[in-house]
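A quick write-up on the structure given underneath.
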Amino acid sequence: MLTVDDDPAVSRAVARDLRRRYGQTYQIVRASSADEGLAALREIKLRGGRVAVLLADYRMPQMSGIEFLEQAMDLFPHARRALLTAYADTDAAIQAINVVDVDHYLLKPWDPPEEKLYPVVDALVEAWRAAGEREVDEVKVVGHRWSAPSYKVRDFLARNLVPYRWFAADEPAGRRLLEAAGQGPAAVPMVVTPDGRALAAPTTAQIAAAVGLTTAPVRDFYDLVIVGGGPAGLGAAVYGASEGLRTVLVERRATGGQAGQSSRIENYLGFPDGISGAQLTDRARRQAAKFGAEVLTTRDVTALEVRGPARAIRFDDGAELSAHAVILATGVSYRPLTAPGVAELTGSGVFYGSAATEAAACQDTDVYIVGGANSAGQAALFYCRHASTVTIVVRGDSLEHSMSYYLIQQLAAIDNIRVRTHTEVVRAHGTDRLAALTLCDGKSGTQETVPAGHLFVFIGAEPRTDWLDAAVARDDRGFVRTGPDLVSEGRRPAGWDRDRDPFYLESSVPGIFAAGDVRANSVKRVASAVGEGAMAVTLVHRYLESR
Ligand SMILES: Cc1cc2nc3c(=O)[nH]c(=O)nc-3n(C[C@H](O)[C@H](O)[C@H](O)COP(=O)(O)OP(=O)(O)OC[C@H]3O[C@@H](n4cnc5c(N)ncnc54)[C@H](O)[C@@H]3O)c2cc1C
């Protein structure tokens with residue numbers, strides 16, 4: 001554990017308190033300037049040591065705590081990070097936290113440490129331990145920098161919080177790995193597991209199985225099956241398993257859903273300094289596992305059927321799973337941007353949602369973001385640290401109708417962020433990767449082609465629930481109708497066979513519930529999705545009691 005503070009008295013006090021509780025297991029290193037701290041980290045790296053926790057003072061003369069943590073992350077990306085701030089600096093620290101992915105901030109003084117310091121450091125240590133073991137067993141990925149399949153592999157590993165090392169296939173180290181595996185260029189992207197197995201151009205399901213993510217259920221009948229592993233699904237898994245239901249969650253890609261793509265969620269209760277989607281997902285997944293929920297990834301649910309009292313789901317490979325009750329928490333997906341060239345370059349400079357793995361590649365490039373909602377604003381704040389310029393492109397005349405005031409203020413204060421209103425992307429150019437975009441001014445009709453390294457698309461979302469077919473009632477946009485929405489003029493939905501109305505989150509079929517963004521008329525927020533996941537579990541209990 002390393003702590004850095006330029007005030008010798010504070011520095012000694014932090015180190016003393018840390019030693020008292022963690023000294024038996026961890027070495028506590030104390031530095032009195034950011035430079036000294038970085039030098040210590042380099043030495044630890046050279047010696048092959050590991051760093052669990054970094055605590056840095058926010059206000060230091062030569063280099064701020066934020067800058068220090070940013071540089072420290074290059075050396076020890078898996079170390080958990082906290083910022084020490086004085087009360088007067090809280091606001092500034094919270095603003096600055098947007099710049100670097102800090103886990104916590106601690107107010108000075110932290111007396112008594114049992115209440116104010118140790119719970120925070122305990123949480124940091126626990127999070128580091130959970131990821132730390134995998135840190136040693138590294139997965140290797142050999143791929144092409146600008147290829148969509150290579151991006152898909154990196155994105156999948158990153159979103160599942162599996163640490164990996166990247167090797168470019170056209171560089172010596174990458175070529176050596178391919179040769180060692182007896183493979184040629186056709187094998188790219190190639191994934192090498194920690195035990196040395198090489199997978200040529202693997203599917204995400206093959207990667208998941210190889211890196212130890214669970215893909216197969218332990219049993220074939222559960223109390224509760226949850227489809228979708230975003231905030232609503234994870235919320236339901238935590239509550240379902242903690243309340244004694246045999247619970248399985250099935251996710252087609254990686255847990256976290258849309259929220260997992262967010263670089264910083266600032267309005268979720270209990271995280272005054274914001275939390276990244278990846279951290280929130282990591283915590284929720286561990287919490288669900290702690291209570292005994294099974295979480296299956298890379299399994300796509302393609303059908304839902306009622307079989308007497310059982311509710312059955314089918315996977316894309318034909319396998320099935322049954323339960324007493326089902327919660328649909330499949331959220332929404334981005335609508336595609338239909339401008340010519342976009343589809344061909346998706347994954348090669350064009351990305352839907354935020355692609356955290358692309359941050360370094362944005363260095364000194366011009367980044368374009370399409371969309372005017374909070375998600376687009378957060379992405380702009382994230383990429384402006386790396387890119388030369390970030391331009392938000394919106395059709396409307398301002399961001400005010402679609403984006404929170406606090407985000408608009410933050411964007412306005414950053415020099416390299418621009419907003420182009422009344423503008424649309426009408427073409428993407430590039431052969432093997434995005435090189436330029438043609439933008440059209442909706443007012444004047446004039447077109448302009450601008451160089452562009454990256455395009456991140458954040459436009460409206462749709463539920464993609466076609467696979468449900470007629471299993472449950474949906475509205476004309478595909479959202480699942482529930483509870484009061486299903487009862488019109490006292491008439492219950494067609495086929496309803498109970499002498500009660502559907503519960504609030506219950507669909508047109510008893511025992512099948514919907515929670516989160518996929519539900520018709522839901523509030524599209526992390527907190528409401530988590531809340532609905534929890535509430536759906538209570539209604540599952542009521543359903544089970546009333547059968
Ligand atoms: C970049 C970004 C930033 C955001 N920032 C904020 C914010 O700061 N604050 C806030 O309150 N909200 C924010 N939101 C909105 C918030 O993330 C969503 O409202 C929330 O994630 C909805 O949760 P959900 O679980 O209902 O659905 P989702 O998050 O959409 O999750 C659904 C999951 O279901 C899976 N799935 C879908 N179909 C299937 C299937 N057939 N089989 C198996 N799995 C399936 C998907 O892969 C996905 O993982 C943001 C959204 C984005 C995209």
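Every number for a ligand or one of its atoms is a count from 1 in the order of the listing.
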Partner of V425 under side-chain contact (heavy atoms from CB on, under 4.5 Å), chosen from L439, V350, I459: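 Answer to the side-chain contact (heavy atoms from CB on, under 4.5 Å) test with V425 among L439, V350, I459: L439.
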Quick check against the 3.5 Å criterion: does [X] have a side-chain atom that pairs as donor or acceptor with the backbone of [Y]?
{"X": "R395", "Y": "G372", "answer": "no"}
{"X": "E294", "Y": "V218", "answer": "yes"}
{"X": "R464", "Y": "Y334", "answer": "yes"}
{"X": "R519", "Y": "T482", "answer": "no"}
{"X": "N160", "Y": "F156", "answer": "yes"}
{"X": "R246", "Y": "G292", "answer": "no"}
{"X": "E532", "Y": "A529", "answer": "no"}

At under 4.0 Å between heavy atoms, which part of [X] makes contact with ligand 1: side chain, backbone, both or neither?
{"X": "F315", "value": "neither"}
{"X": "A529", "value": "side chain"}
{"X": "Y268", "value": "neither"}

Run the numbers for me: atoms of ligand 1, each under 4.0 Å from some heavy atom of [X], listed by number.
{"X": "A259", "result": "17 (O), 21 (O)"}
{"X": "G229", "result": "33 (C), 34 (O)"}
{"X": "A329", "result": "32 (C), 33 (C), 34 (O)"}
{"X": "R525", "result": "10 (C), 11 (O), 12 (N), 19 (O)"}
{"X": "S375", "result": "1 (C), 2 (C), 3 (C), 52 (C)"}
{"X": "S262", "result": "3 (C), 5 (N)"}
{"X": "G331", "result": "27 (O), 28 (P), 30 (O), 32 (C)"}
{"X": "F458", "result": "1 (C)"}

W146: partners by ring pair (Phe, Tyr, Trp, His ring centres under 6.0 Å), with sequence neighbours left out: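 Listed in chain order: H454.
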Closest non-hydrogen protein atom to [atom], residue and atom name please, with distance?
{"atom": "atom 28 (P) of ligand 1", "answer": "Q258 NE2, 3.6 Å"}
{"atom": "atom 15 (C) of ligand 1", "answer": "K524 O, 4.2 Å"}
{"atom": "atom 6 (C) of ligand 1", "answer": "Q378 NE2, 3.9 Å"}
{"atom": "atom 40 (C) of ligand 1", "answer": "D300 OD1, 3.6 Å"}
{"atom": "atom 45 (C) of ligand 1", "answer": "R252 CG, 3.6 Å"}
{"atom": "atom 18 (C) of ligand 1", "answer": "D517 OD2, 3.4 Å"}
{"atom": "atom 42 (N) of ligand 1", "answer": "V301 N, 3.1 Å"}
{"atom": "atom 16 (C) of ligand 1", "answer": "V526 CG2, 3.8 Å"}

Rounded distance [0.5 Å steps], CD1 in I392 versus CZ in R418: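 It comes to 12.0 Å.
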Inter-residue atom distance R80.CZ - D103.CG, 0.5 Å rounding: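 Here the interatomic distance stands at 4.5 Å.
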No-hydrogen, no-angle side-chain donor-acceptor test under 3.5 Å, K152 and S150: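 Distance-only check fails for K152 and S150.
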Between S375 and Q378: side-chain donor-acceptor atoms closer than 3.5 Å: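 Distance-only check fails for S375 and Q378.
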Whether R299 lies under 4.0 Å from ligand 1, heavy atom: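 Yes; R299 lies near enough to ligand 1 that a heavy-atom distance drops under 4.0 Å.
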Non-hydrogen atom of V332 closer than 4.0 Å to ligand 1: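 It does; at least one heavy atom falls under 4.0 Å.
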Option nearest [atom] (shortest heavy-atom distance, choices [options]):
{"atom": "atom 9 (N) of ligand 1", "options": "N267, V227, V250", "value": "N267"}
{"atom": "atom 23 (O) of ligand 1", "options": "P231, G516, G230", "value": "P231"}
{"atom": "atom 32 (C) of ligand 1", "options": "T330, I265, L280", "value": "T330"}
{"atom": "atom 47 (O) of ligand 1", "options": "E251, E532, R253, R159", "value": "E251"}

Contact bool for atom 50 (C) of ligand 1 (protein heavy atom, d < 4.0 Å):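 Under the 4.0 Å cut-off, atom 50 (C) of ligand 1 has no protein heavy-atom neighbours at all.
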Residues in side chain to side chain donor-acceptor pair (under 3.5 Å) contact with T421, at least two apart in sequence or another chain: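 Checked T421 against side chain to side chain donor-acceptor pair (under 3.5 Å); zero matches.
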Whether F351 and F456 hold their rings parallel, tilted or perpendicular, with breakpoints at 30° and 60°: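 Aromatic pair F351/F456 classed parallel.
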